[in-house]
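I am attaching a structure below and will ask some questions about it afterwards.
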Amino acid sequence: MEENLVGYLLKSLDDETNQQVEASLETSPELRSRLELLERALAPLSSDAEAPEPRPGLVLSTLARIAEHQCRKLPDAPPPSRSQASSGGRYWFRRPDALVAAVLLIVFGGLSTSALLHLWRDYHARMECQNNLRVIWGGLQRYCDSHEGDFPRVEEKGPHGVAGIFAPVLFDEGSLTSEASLRCPAQKATAARPHSLREMEELYGRDPELYRREAGTLAGDYAYTLGYRDDGGHHGLRCDSGDRLPIMADRLGSLDQRNSANHGGRGQNVLFLGGNVIFCTQRTVGIDGDDIFVNWDNRVLAGKAREDTVLGASGDTPTPRE
């Protein structure tokens with residue numbers, strides 16, 4: 001909840017998480033008090049437009065500097081000048097002071113230095129993951145621009161019938177150039193297995209079992225749209241499908257997981273059409289609460305309509321396996 005409170009103050013939460021925080025604040029005086037403390041600690045940031053990159057070890061060096069100066073007597077402040085006395089309400093301390101205040105608030109509020117560093121690493125990995133998805137979005141856009149508005153489509157059957165097939169499609173076209181972008185930074189051991197479309201087609205005909213194993217590695221740590229079915233057949237997403245629909249996300253390991261395991265089960269980064277990436281703390285998104293990992297029949301298959309998002313892991317298929 002500490003992390004969500006900061007996100008609530010910075011207006012960076014998705015709508016559903018924002019509503020959950022507001023509901024908790026209405027029923028918890030302790031949480032409201034915690035929010036007020038955080039708000040006071042972070043308030044100076046709004047009056048300082050500087051945005052320096054935090055250097056490695058900032059937390060530890062800040063605490064060490066506090067310890068160094070805590071017993072030193074400070075000189076008396078000079079009396080304010082007439083112009084200073086009449087000036088209006090800008091905070092006198094700047095970003096470094098706000099960071100010190102935030103560190104003290106969090107550490108003395110119950111988090112150890114190691115826990116704080118762990119939160120920072122998690123946050124950094126989440127941001128790197130979002131950057132990965134934006135890189136992939138650039139490749140999807142380039143493909144879309146040269147294919148009459150269509151994104152790579154997972155076919156119902158055959159060698160192109162797995163979610164991960166979008167990766168060799170983009171690589172073969174030159175729309176994506178690095179397999180590293182298919183690895184979530186929070187999952188260091190996982191990497192996409194580079195294959196061309198021709199290799200996958202040959203494997204499909206020669207060794208179906210090996211094809212199935214290799215297909216499960218194509219998309220690395222991410223899930224891709226399985227498309228949807230209607231009376232006109234099976235369809236993939238297009239550039240003009242609207243910017244509310246998810247097209248990719250951190251993958252789900254199994255249906256009994258509350259969230260993707262990529263970020264410790266706390267949520268998943270979701271890439272929406274248009275290139276917006278949001279960290280969602282639940283599998284459901286949008287006003288209607290659509291589960292992005294299963295269709296309306298609660299199955300990992302193509303959606304039942306365009307609004308029925310289904311993001312499958314690399315080896316998932318839009319139709320039941322034969």
Side-chain angles (χ1 to χ4, degrees), residues 129 131-185 187-229 232-239 241 245-253 262 271 273 275 293 300-303 309-322:
C129 177
N131 288 336
N132 278 353
L133 287 169
R134 293 187 183 102
V135 169
I136 299 171
W137 171 250
L140 290 168
Q141 271 192 310
R142 287 187 285 275
Y143 181 93
C144 191
D145 291 342
S146 60
H147 289 79
E148 300 182 345
D150 289 320
F151 291 110
R153 186 170 73 90
V154 180
E155 297 180 359
E156 291 189 276
K157 297 180 180 179
H160 298 185
V162 291
I165 203 65
F166 81 91
V169 167
L170 295 182
F171 289 134
D172 282 8
E173 295 247 343
S175 299
L176 200 63
T177 58
S178 173
E179 291 84 6
S181 60
L182 295 172
R183 185 187 69 203
C184 175
Q187 298 293 318
K188 301 295 185 182
T190 309
R193 187 77 59 83
H195 283 293
S196 68
L197 279 176
R198 181 176 179 180
E199 288 173 333
M200 294 306 295
E201 289 165 354
E202 290 176 350
L203 268 182
Y204 184 84
R206 184 178 71 249
D207 190 337
E209 187 58 37
L210 180 59
Y211 164 86
R212 184 173 297 184
R213 290 201 300 271
E214 294 301 303
T217 70
L218 294 175
D221 292 315
Y222 296 108
Y224 182 73
T225 176
L226 294 175
Y228 64 95
R229 290 190 59 83
H234 178 255
H235 311 277
L237 296 182
R238 290 177 44 83
C239 286
S241 295
L245 296 179
I247 188 171
M248 287 189 66
D250 288 294
R251 69 176 180 177
L252 192 69
N262 284 3
L271 170 64
L273 296 185
F293 294 117
V300 186
L301 298 173
T309 298
V310 184
L311 305 179
S314 188
D316 289 334
T317 59
T319 57
R321 295 186 185 275
E322 297 178 351

Walk me through whether Met200 and Leu218 qualify under side-chain contact (heavy atoms from CB on, under 4.5 Å). CA-CA 10 Å; Met200 294 306 295; Leu218 294 175; 3.9 Å; yes
Taking the side chain from Arg142 and the backbone from Ser175, do they hold a donor-acceptor pair closer than 3.5 Å?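 Such a contact is found between Arg142 side chain and Ser175 backbone.
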How about Cys184 and Cys129: are their SG atoms under 2.5 Å apart? no
Taking only residues two or more places apart in sequence or in another chain, which ones pass ring pair (Phe, Tyr, Trp, His ring centres under 6.0 Å) with Phe293? none
Considering all heavy atoms, the nearest His234-Ala302 contact: CD2-CB, 3.9 Å
Those residues that, when tested against Asn262, pass side chain to side chain donor-acceptor pair (under 3.5 Å) (two or more places apart): Asp250
How far does OH of Tyr228 sit from OG1 of Thr309, to the nearest 0.5 angstrom?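 Atom-to-atom, Tyr228:OH and Thr309:OG1 are 11.0 Å apart.
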Which atoms form the tightest heavy-atom contact between Tyr222 and Met248, and what is the distance?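 Closest approach of Tyr222 to Met248, heavy atoms only: CB-CE, 3.6 Å.
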Straight-line distance of Tyr224 OH to Leu140 CG, nearest 0.5 Å: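 So the OH of Tyr224 and the CG of Leu140 are separated by 5.5 Å.
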Any donor and acceptor pair, going by atom type alone, linking the side chain of Ser314 with main-chain N or O of Ala219 inside 3.5 Å?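 The answer is yes, because a donor-acceptor pair under 3.5 Å joins these two groups.
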Is there a donor-acceptor pair closer than 3.5 Å between any side-chain N or O of Ser181 and the backbone N or O of Asn132?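 No, the answer is negative, given that no donor and acceptor are paired below the 3.5 Å cut-off.
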Give, for atom OG1 of Thr317 and atom NZ of Lys157, the distance between the pair rounded to the nearest 0.5 Å.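 Output value for this atom pair is 11.0 Å.
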Within a strict 4.5 Å, meaning less than it, do heavy atoms of the Arg212 and Arg321 side chains meet? yes
List for me each residue that meets salt bridge (Lys or Arg N to Asp or Glu O under 4.0 Å) alongside Glu202, sequence neighbours excluded, and say none if there are none. Arg198
Which heavy-atom pair separates Leu226 from Asp316 by the least distance, and what is that distance?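 Scanning both residues completely, I find the closest heavy atoms to be CD2-O, 3.7 Å.
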Which heavy atom of Leu133 sits nearest to which heavy atom of Leu271, and what is that distance?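 Shortest heavy-atom separation between Leu133 and Leu271 comes out as O-CD2, 3.7 Å.
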Sequence neighbours excluded, which residues qualify as salt bridge (Lys or Arg N to Asp or Glu O under 4.0 Å) partners of Glu155?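 Salt bridge (Lys or Arg N to Asp or Glu O under 4.0 Å) list for Glu155, sorted by chain: empty.
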Please give me the minimum heavy-atom distance between Thr217 and Arg213, naming the atom from each residue.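 Closest heavy-atom pair between Thr217 and Arg213: CG2-O, 3.7 Å.
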Could you list the donor-acceptor pairs under 3.5 angstrom formed by side chains in residues 158-174, with sequence neighbours left out?
from   : atom 1 : to     : atom 2 : distance (Å)
His160 : NE2    : Glu201 : OE2    : 2.8
Asp172 : OD2    : Leu197 : N      : 3.0
Glu173 : OE2    : His147 : NE2    : 3.2

Arg238: which residues meet the side chain to side chain donor-acceptor pair (under 3.5 Å) condition with it, sequence neighbours left out?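 Per chain and number, Arg238 pairs via side chain to side chain donor-acceptor pair (under 3.5 Å) with Asp150, Asp240.
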Rounded to the nearest 0.5 Å, what's the gap from CG on Leu245 to CG on Leu273? Could you check?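 Atom-to-atom, Leu245:CG and Leu273:CG are 5.5 Å apart.
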For residues Tyr143 and Phe151, report the shortest heavy-atom separation together with the two atoms involved.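 Shortest heavy-atom separation between Tyr143 and Phe151 comes out as CE2-C, 3.7 Å.
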Begin from the C-alpha positions of Ile136 and Leu182 and carry the test side-chain contact (heavy atoms from CB on, under 4.5 Å) through to its verdict. CA-CA 8 Å; Ile136 299 171; Leu182 295 172; 3.6 Å; yes
Can you find a pair of side-chain heavy atoms, one from Val135 and one from Leu176, that are under 4.5 Å apart?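 The answer is yes, as the side chains (C-beta and beyond) meet within the 4.5 Å cut-off.
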